[in-house]
K.L.:
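Please see the structure below; I have some questions.
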Amino acid sequence: QVQLVESGGGLVQAGGSLRLSCAASGRTFSRYTMGWFRQAPGKEREFAAAIRGISDFTFYAESVKGRFTISRDNAKNTVYLQVSSLKPEDTAVYYCAAGSSRRSVDTPEFYDYWGQGTQVTVSS
């Protein structure tokens, strides 16, 4: 079992930045690919970024590439999402997730564990 707790969300003006954190329980954190998804009101959950457990290889959605940076600290069992140049359309609940399946990392089905989410609101 892996428990995930996100933090770092908040209200920010357009163009601003935040650093989201996701703390994981368990001793096998480094084995998991970690992902960040987001869900805006009335919309489906969408992939934002992911990072492999060992190689640290990263994946990004086109909509966030160049603005968001995912990273991890396996010693602290924590994954981060630096979100910059924020736009009002980035407003959403941001979820972190842990997975290790054979599916594609940009699909929710890849992930076995989810956090409760942290709200990011970008004002214009």
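What you see is a predicted model, and the numbers here were worked out from it, not measured in a lab.
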K.L.:
What verdict does the side-chain contact (heavy atoms from CB on, under 4.5 Å) test give for Val64 and Trp36, after you've listed the backbone C-alpha separation in whole Å, the side-chain angles of each residue and the deciding distance to 0.1 Å?
P.N.:
CA-CA 11 Å; Val64 307; Trp36 285 95; over 6 Å; no

K.L.:
Go through it in stages, so that I can follow the logic: the residues are Thr91 and Val120, the test is side-chain contact (heavy atoms from CB on, under 4.5 Å), and I'd like the CA-CA distance, side-chain angles, deciding distance and then a yes or no.
P.N.:
CA-CA 5 Å; Thr91 295; Val120 172; 5.9 Å; no

K.L.:
Do you know the tightest heavy-atom contact between Val2 and Ala24?
P.N.:
CG1-CB, 4.2 Å

K.L.:
May I ask you to test the Gln39-Tyr95 pair for a side-chain heavy-atom distance under 4.5 Å?
P.N.:
yes

K.L.:
Taking atom types as modelled and ignoring hydrogens, do the side chains of Arg67 and Ser85 form a donor-acceptor contact shorter than 3.5 angstrom?
P.N.:
no

K.L.:
Who pairs with Lys76 by salt bridge (charged side-chain N to carboxylate O under 4.0 Å, His left out), at least two apart in sequence or on another chain?
P.N.:
none

K.L.:
Among Ile, Leu, Val, Met, Phe, Trp and Tyr joined by side-chain contacts under 4.5 Å, find the other residues sharing a cluster with Ile54 and list them by chain and number.
P.N.:
none

K.L.:
Check side-chain hydrogen bond (donor to acceptor under 3.5 Å, both in side chains) between Asn74 and all other residues, then give those that pass, not counting sequence neighbours.
P.N.:
Arg72

K.L.:
I'd like to check the side chain to side chain contact (heavy atoms under 4.5 Å, CB included) partners of Val12; sequence neighbours left out, ordered by chain and number.
P.N.:
Leu18, Leu86, Val122

K.L.:
With Arg19, which residues qualify under salt bridge (charged side-chain N to carboxylate O under 4.0 Å, His left out), at least two apart?
P.N.:
none

K.L.:
So do the side chains of Val79 and Ile70 get within less than 4.5 Å of each other, counting heavy atoms only?
P.N.:
yes

K.L.:
Taking the side chain as every heavy atom from C-beta outward, state whether Leu4 and Trp114 have any pair of such atoms under 4.5 Å apart.
P.N.:
no

K.L.:
Is there side-chain contact between Gln82 and Ser17, with at least one heavy-atom pair below 4.5 Å?
P.N.:
yes

K.L.:
Mind checking what makes ring-ring contact (aromatic ring centres under 6.0 Å, His included) contact with Tyr60, not counting sequence neighbours?
P.N.:
none

K.L.:
Main chain of Asp73, side chain of Thr78: is a donor-acceptor contact present, judged purely on distance under 3.5 Å?
P.N.:
no

K.L.:
So, using salt bridge (charged side-chain N to carboxylate O under 4.0 Å, His left out) as the criterion, who are the partners of Glu44 when residues are at least two apart?
P.N.:
none

K.L.:
Which ILVMFWY residues can you reach from Tyr80 by hopping between side chains whose heavy atoms are under 4.5 Å apart?
P.N.:
none

K.L.:
Please step through side-chain contact (heavy atoms from CB on, under 4.5 Å) for the pair Asp90 and Phe68, ending with a clear verdict.
P.N.:
CA-CA 11 Å; Asp90 293 318; Phe68 290 11; 4.0 Å; yes

K.L.:
Name all residues meeting the side chain to side chain contact (heavy atoms under 4.5 Å, CB included) criterion together with Glu89; count only those two or more places apart in sequence or in a different chain, and write none if there are none.
P.N.:
Lys87

K.L.:
Sequence neighbours excluded, which residues qualify as ring-ring contact (aromatic ring centres under 6.0 Å, His included) partners of Phe59?
P.N.:
Phe57

K.L.:
What are the two closest heavy atoms between Met34 and Cys22, and how far apart are they?
P.N.:
CE-SG, 4.5 Å

K.L.:
Would you list the atom pairs, donor with acceptor, under 3.5 Å between side chains in residues 106-113 and any protein atom, with sequence neighbours excluded?
P.N.:
from: Asp106; atom 1: OD1; to: Ser104; atom 2: OG; distance (Å): 2.4
from: Thr107; atom 1: OG1; to: Ser104; atom 2: O; distance (Å): 2.7
from: Tyr111; atom 1: OH; to: Val105; atom 2: O; distance (Å): 2.7

K.L.:
Would you check if Thr69 and Leu81 make a side-chain contact, meaning some heavy-atom pair closer than 4.5 Å?
P.N.:
no

K.L.:
Ring centroid separation for Phe47 and Phe37, is it under 6.0 angstrom?
P.N.:
yes

K.L.:
Taking only residues two or more places apart in sequence, or in another chain, which ones meet Tyr94 in a side-chain hydrogen bond (donor to acceptor under 3.5 Å, both in side chains)?
P.N.:
Arg38

K.L.:
Tell me, do Thr33 and Ile51 make a side-chain contact under 4.5 Å, heavy atoms counted?
P.N.:
no

